[in-house]
Structures are given as C-alpha cells and as structure tokens.
Amino acid sequence: MGGARTTSTPLPGIGVRYDLTTREQRRLSVVAHRDGSRTLSAYRGDDPDACALSVHLTGQEAEALAGTLKPAHHSPSLLSTTELGLVAERIELSSVSYWNGRLLGETRMRTETGVSIVAVLRRAAAIPSPGPGFRLGGGDTLIVIGTREGADAAAAILGRV
C-alpha cells in the first residue's frame with residue numbers, strides 16, 4: 001500500500017511548483033507564485049502529462065482551500081489563534097535594521113506591543129523562546145503571537161533603520 005509522493009521544483013522568477021502523485025497514480029500540482037497566489041492543476045489519469053483542470057487561486061482562496069483540506073479541528077492539540085482574536089506572524093529583520101546586532105530585550109517588544117516572540121528562525125535553525133539576552137541578527141525571522149494591532153506595531157518597531 002503506497003502513499004502519496006511529493007516533489008518540489010523551483011521556478012525562477014515565478015515561485016515553486018509542488019507535485020503530488022497519489023496512491024492511485026493520479027498527478028496534482030500546485031504552483032506557489034511569489035505574489036502569494038496559487039495555481040492548482042490536476043492531470044488526466046490516462047495521460048499524466050495532459051492537464052484536465054487548472055484553477056488560479058488568490059492567496060486568500062488558497063488559504064480557504066487548505067483549511068477545508070485539513071481543518072483546525074483535525075488536530076485537537078493545535079491552538080487556533082484566530083478563534084482567540086490572536087495572530088501568529090513571521091517578521092523578518094532586515095540587515096539594515098536598527099536592531100541588527102542588538103539584544104532582544106532592548107526592543108521592549110512585549111511592553112510596547114503586547115506580542116510574544118515565541119521563536120527566531122536563523123538560517124537552518126529555530127531558536128524557541130528567545131530570552132531578553134538573545135542577540136538579533138539581520139535575516140532573522142521572528143515568530144510573534146499577539147493581537148493584529150500588536151503584530152503590526154512589532155513589525156514597525158523591527159523595521160526601524
């Protein structure tokens with residue numbers, strides 16, 4: 001009993017194409033465009049190179065479709081932040097940011113915005129729950145959780161040059 005096989009292919013200037021071959025040998029692909037939109041394509045069973053359906057989705061439509069494929073209630077241990085009025089966001093720290101090389105505690109992020117920085121992604125590593133002594137670096141991606149207003153304020157603070 002074989003499972004689904006997936007591959008990804010970078011499409012320079014466009015995005016990334018993800019291909020899925022199902023257990024029944026049906027082919028599906030999704031092109032994740034750089035602008036956040038998606039193109040979903042399904043291929044004919046009798047000719048896997050012939051496209052039977054192609055649908056272009058906005059980023060919002062793609063999120064809605066993904067939500068129906070794996071709804072939040074699918075994993076009871078997963079916290080759904082939107083139901084609580086919270087957002088979880090990735091904020092990238094620019095190499096020219098004022099905060100590049102400074103300590104996380106110096107940002108006064110929680111005091112100023114109410115958001116929590118739950119992790120920092122740096123190169124291929126994730127640093128969970130960074131403390132105030134954590135030194136920020138250009139290219140870091142900070143994972144924040146808080147209100148929409150707080151996340152926007154955090155992005156503005158971290159964007160300071």
Side-chain angles (χ1 to χ4, degrees), residues 3-22 28-40 55-161:
R5 291 184 320 270
T6 60
T7 59
S8 65
T9 306
L11 302 173
I14 297 170
V16 178
R17 185 182 77 216
Y18 299 92
D19 293 300
L20 168 79
T21 302
T22 68
L28 302 170
S29 72
V30 174
V31 175
H33 298 273
R34 291 173 38 172
D35 67 1
S37 66
R38 303 290 190 261
T39 301
L40 171 65
V55 179
H56 189 77
L57 303 168
T58 66
Q60 193 172 29
E61 292 166 337
E63 284 184 40
L65 178 59
T68 63
L69 292 172
K70 188 171 183 179
H73 67 271
H74 181 73
S75 177
S77 63
L78 206 55
L79 176 64
S80 177
T81 55
T82 54
E83 293 172 4
L84 301 172
L86 301 173
V87 296
E89 295 222 339
R90 296 172 177 242
I91 302 173
E92 187 169 338
L93 188 71
S94 165
S95 61
V96 297
S97 172
Y98 171 82
W99 302 107
N100 184 10
R102 296 184 185 265
L103 298 178
L104 179 59
E106 293 178 61
T107 66
R108 298 180 34 90
M109 192 62 60
R110 185 185 295 242
T111 302
E112 298 295 324
T113 68
V115 303
S116 294
I117 298 172
V118 297
V120 174
L121 307 178
R122 179 176 283 166
R123 293 186 266 299
I127 298 100
S129 304
F134 179 81
R135 191 163 302 280
L136 297 167
D140 285 354
T141 299
L142 286 74
I143 308 298
V144 302
I145 294 182
T147 64
R148 166 85 272 141
E149 296 79 16
D152 289 344
I157 289 170
L158 293 169
R160 178 179 165 200
V161 289

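Only a predicted model underlies this, so the values are computations on that prediction, with no experimental measurement involved.
Among pairs with a residue in residues 96-113, those fulfilling salt bridge (Lys or Arg N to Asp or Glu O under 4.0 Å) read Arg102-Glu106, Arg108-Glu112, at least two apart in sequence or across chains. Among residue pairs with one or both ends in residues 114-131, those qualifying as salt bridge (Lys or Arg N to Asp or Glu O under 4.0 Å) are Arg122-Asp140; sequence neighbours excluded. Applying the side chain to side chain donor-acceptor pair (under 3.5 Å) test to every pair with at least one member in residues 144-158, sequence neighbours left out, gives these pairs: Glu89-Arg148, Arg148-Asp152.
Judged by distance alone, the side chain of Ser97 and the main-chain N or O of Trp99 form a donor-acceptor pair under 3.5 Å. Checking side-chain atoms of Arg135 against main-chain N and O of Gly133 turns up no donor-acceptor pair under 3.5 Å.
Residues Leu103 and Pro132 come closest through the heavy atom pair CB-O, 3.6 Å. Counting all heavy atoms, side chain and backbone alike, Met109 lies closest to Ala154 at SD-CB, 3.4 Å.
Taking OH of Tyr98 as the reference point, atom OG1 of Thr107 lies at 11.0 Å (rounded to 0.5 Å). Atoms CG and OG1, on Asp19 and Thr7 in that order, are 4.0 Å from each other to the nearest 0.5 Å. Between atom CZ of residue Arg38 and atom CG of residue Leu65 there is a gap of 11.0 Å, rounded to the nearest 0.5 Å. For the atom pair NE2 (His33) and CD1 (Ile14), the distance works out to 7.5 Å, reported to the nearest 0.5 Å. Thr141 OG1 to Leu158 CG: the interatomic distance, rounded to the nearest 0.5 Å, is 11.0 Å. From Leu136, atom CG reaches atom CG of Asn100 across 8.0 Å, with rounding to the nearest 0.5 Å.
At a threshold of 4.5 Å between non-hydrogen side-chain atoms, the residues Arg90 and Leu121 count as touching. At a threshold of 4.5 Å between non-hydrogen side-chain atoms, the residues Arg17 and Val30 do not count as touching. By the 4.5 Å heavy-atom criterion applied to side chains, Ile91 and Ile117 are not counted as neighbours.
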Open item on the list: One pair to check against side-chain contact (heavy atoms from CB on, under 4.5 Å): Leu104 and Val120. What are the steps and the verdict?
Closed with: CA-CA 11 Å; Leu104 179 59; Val120 174; 5.6 Å; no

